[in-house]
Structures are given as structure tokens and as C-alpha cells.
Amino acid sequence: MSIQHIGVIGAGTMGNGIAQACAVAGVPVTMVDISDAAVQHGIATITKSLDRLIKKEKLTEAQRDAALALIKGSTSYDDLKGADLVIEAATENLELKLRILRQVEGLVGDSTVIASNTSSISITQMAAVLAKPERAIGLHFFNPVPMMALVEVIRGLQTSDATHALAVAFAEKLGKTPITVKNQPGFVVNRILCPMINEAIFVLAEGAASAEDIDTGMKLGCNHPIGPLALADMIGLDTMLAVMNVFYDGFNDPKYRPAPLLKEMVAAGRLGRKTGRGFYSYE
């Protein structure tokens, strides 16, 4: 099955990043969100991102214009009709995602693949709400989507071989490298990454070192491009807490318990870059 039209639900960081990657690869994409303001903000973000690529001489103005012409912004799910693949990129909230998936299935054709960009929620659980659960799959992109080469392709228990093949082909069409992952909390990358970040927060709370020294240690000692606490601020501490709670509940293992300091900072509204303050100040 060829991929002629992609639907993306959510015009936020992940949604607009996926839409940009599709358009740059020459795939028409419809990006849907709940308000016109959200859609326009997503398109403006894509435009700025493409402009930066022009300045870096990685894209021409003609290529930027061609990509933008392939992106349709909408507030109506009806515009997803006819899509070969629909990817939900909504907030990490199970009930919200289930509601979106049910709504999408009621509109699209029987052969349309329905994917979730979730970073931690069970694909098997989400697929179970669909009349055709074999069409469900996880496509976990990484932030920033236009720059990051990896896509985790997560098979639920019900996912068919045809659905998996289309998802892999789609990731490759975008110039990404797909890895196939079993359905389990956190999949592979976040299963390893998030507990490491959580441990860094424990180390900070215990006063073993400052945030700056912890990050410097991991950058210079492990050759990481960014320290774990700065990365937590980039991800969003609320998202980090949500992911760790999924691990804690999913594995029933105390090694995944969220650091108390992480809970405290989320309760204080210090969520990282998006609020101007986390482990570092961005104000």
C-alpha cells in the first residue's frame, strides 16, 4: 500500500514536527488541532524551523515553499478522511488518546492505519478500543522530530504484519531509521533513558553534586550531548513524572518510583523550559 496522505492529530511540538517531516519528504499532510489558534501556531513553528534550515543551507527557499504547500491545517477531523495513515500526537493522557482513536476510526477507511506517537502508553491497550485493532501501531518519534533520526515502531499484541510493514515503510520514506519494539512500558529508549534521568534527580536531591556538575559529569564522562537534568527540563518535568508513573504502575517494581523531588517540582509548577524554570532558570 502506497502512502499518499498522512493525518496528524495535534499541532504541538511533536505534531508539527511530524507534519514538517512528512512535508519535507514530499508527503501531503493534514494537521488537526482543537482550535485555529493552535493550528496556526503549529504552522508558524514549522515555517520558522524551515527558515532555520535555509539559513544553515540545508534547504532552499523553493523546497521550503513546496513543503509548506503540502501542509493543510484544520480543526475538523473530517479532513482526515482518505488518509492512508493517521498519527495521534496528543498529550500523554490515556483517556484523551482513546477518545481520539475511536473518533478517527469512525471517519477513516477500513485500510487506514491508526498510529499513536505515545512515549509510554500501551499500544495493545489503545488498540483494544478499535473495531479493527490490527490496524493500530505505535510510531514513537523523538524531539525535535525534523532532526532526530530514530522512530520506534511498536507492535501491539493485535498489530498485523501489513500494518507493521506500512509503518516501517513510512518511517523510511521520511528518511528515519525505524527499530521494531515490543509493547511494554517505555518501549526501549525511554525505558532506559527516563530511569537514568530519575536517578540523576535522586542524586541532586541527596546533595551529591549540583545540577551543573551532574550534567557536566554525564556529558564529559559518558559523552552525552546534554546532561540528564537539562534534558528533563527540555522534556518537561510533568511529562517525566507521567512516564515514571507509567513504569511504576506497569512493572510493579519500586526501582521505577519517581524521585520525590520530581513530584515536588511538578507540584510547584516548575516544569522546565516551557514554564521558564525547572532544574535551571530560563527566564
Side-chain angles (χ1 to χ4, degrees), residues 12-14 16-18 20-21 45 48-49 51-53 55-58 91-92 117-120 140-152 175-177 179 181 184-248 250-251 253-283:
T13 300
M14 298 306 295
N16 68 57
I18 295 168
Q20 177 180 327
T45 300
K48 290 177 182 177
S49 176
D51 287 343
R52 285 194 296 271
L53 293 175
K55 290 180 181 179
K56 295 178 180 179
E57 298 183 347
K58 294 183 177 180
T91 305
E92 285 290 278
N117 181 57
T118 181
S119 59
S120 61
H140 181 212
F141 290 81
F142 291 80
N143 186 30
V145 177
M147 301 293 107
M148 299 294 281
L150 181 67
V151 177
E152 287 182 319
K176 306 296 186 185
T177 298
I179 61 171
V181 178
Q184 59 178 329
F187 315 128
V188 168
V189 174
N190 280 344
R191 167 82 181 275
I192 298 166
L193 175 66
C194 292
M196 182 201 73
I197 294 174
N198 194 54
E199 189 65 21
I201 299 171
F202 271 114
V203 170
L204 177 66
E206 291 163 7
S210 67
E212 293 83 357
D213 283 349
I214 291 168
D215 281 353
T216 298
M218 292 303 292
K219 286 191 291 183
L220 300 183
C222 297
N223 204 28
H224 290 188
I226 185 172
L229 299 176
L231 181 56
D233 279 353
M234 183 184 296
I235 293 169
L237 302 192
D238 53 338
T239 300
M240 269 297 309
L241 179 57
V243 171
M244 291 307 302
N245 279 328
V246 167
F247 291 177
Y248 191 44
F251 289 112
D253 190 329
K255 76 177 182 180
Y256 295 110
R257 71 184 180 94
L261 177 59
L262 175 60
K263 293 182 178 180
E264 188 79 358
M265 292 186 71
V266 171
R270 298 180 182 179
L271 308 182
R273 291 191 181 191
K274 60 187 172 186
T275 60
R277 188 172 181 184
F279 294 110
Y280 298 92
S281 177
Y282 302 92
E283 297 173 340

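Nothing fancy with the numbering, it's 1 onward along the sequence.
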Return yes if some donor-acceptor pair links the side-chain N/O of Asn245 with the main-chain N/O of Pro258 below 3.5 Å, else return no.
no
Under a 4.5 Å cut-off applied to non-hydrogen side-chain atoms, are Pro260 and Phe202 in contact?
yes
Nearest 0.5 Å, please: how far is CE in Met244 from CE in Met240?
6.0 Å
Out of curiosity, Glu212 CD to Leu229 CG, how far, rounded to the nearest 0.5 Å?
9.0 Å
Closest heavy-atom contact between Phe279 and Met265?
CE2-SD, 3.3 Å
Between Glu152 (side chain) and Val188 (backbone), is there a donor-acceptor pair under 3.5 Å?
yes
For a quick check under 3.5 Å, do Tyr280 and Asp215 share a side-chain donor-acceptor pair by atom type?
yes
Check the orientation of His140 and Phe187. Use parallel for under 30°, tilted for 30 to 60°, and perpendicular for over 60°.
tilted
Distance, nearest 0.5 Å, that separates CZ of Arg270 from CG of Asp233:
11.5 Å
Crowding at CZ, Arg191 (>12 non-hydrogen neighbours, <6.0 Å):
yes
If you define the side chain from C-beta out and look only at heavy atoms, does anything of Leu53 sit under 4.5 Å from Gln20?
yes
Is the closest side-chain donor-acceptor distance between Glu92 and Thr239 under 3.5 Å?
no
Is a side-chain donor or acceptor of Asp238 paired with a backbone partner of Val266 at a separation under 3.5 angstrom?
no
Straight-line distance of Ile214 CD1 to Glu199 CD, nearest 0.5 Å
10.0 Å
Side chain of Lys176, backbone of Met148: donor and acceptor closer than 3.5 Å?
yes
Assess whether atom CG of Asn223 is packed by more than 12 heavy atoms of other residues, nucleotides or ligands within 6.0 Å.
no
Kindly say whether Phe141 contributes a backbone atom to a donor-acceptor pair with the side chain of Asn117 at under 3.5 angstrom?
yes
What pairs with Asp51 under salt bridge (Lys or Arg N to Asp or Glu O under 4.0 Å), at least two apart in sequence or on another chain?
Arg64
If you take all heavy atoms of Pro228 and Met196, which pair is closest and at what distance?
CB-CE, 3.9 Å
Distance in Å, Ile197 CD1 paired with Leu231 CG, rounded so as to fall on 0.5 Å steps
4.0 Å
Val243 side chain reached by Ile235 side chain, heavy atoms, under 4.5 Å
no
Can you find a pair of side-chain heavy atoms, one from Phe247 and one from Asn198, that are under 4.5 Å apart?
no
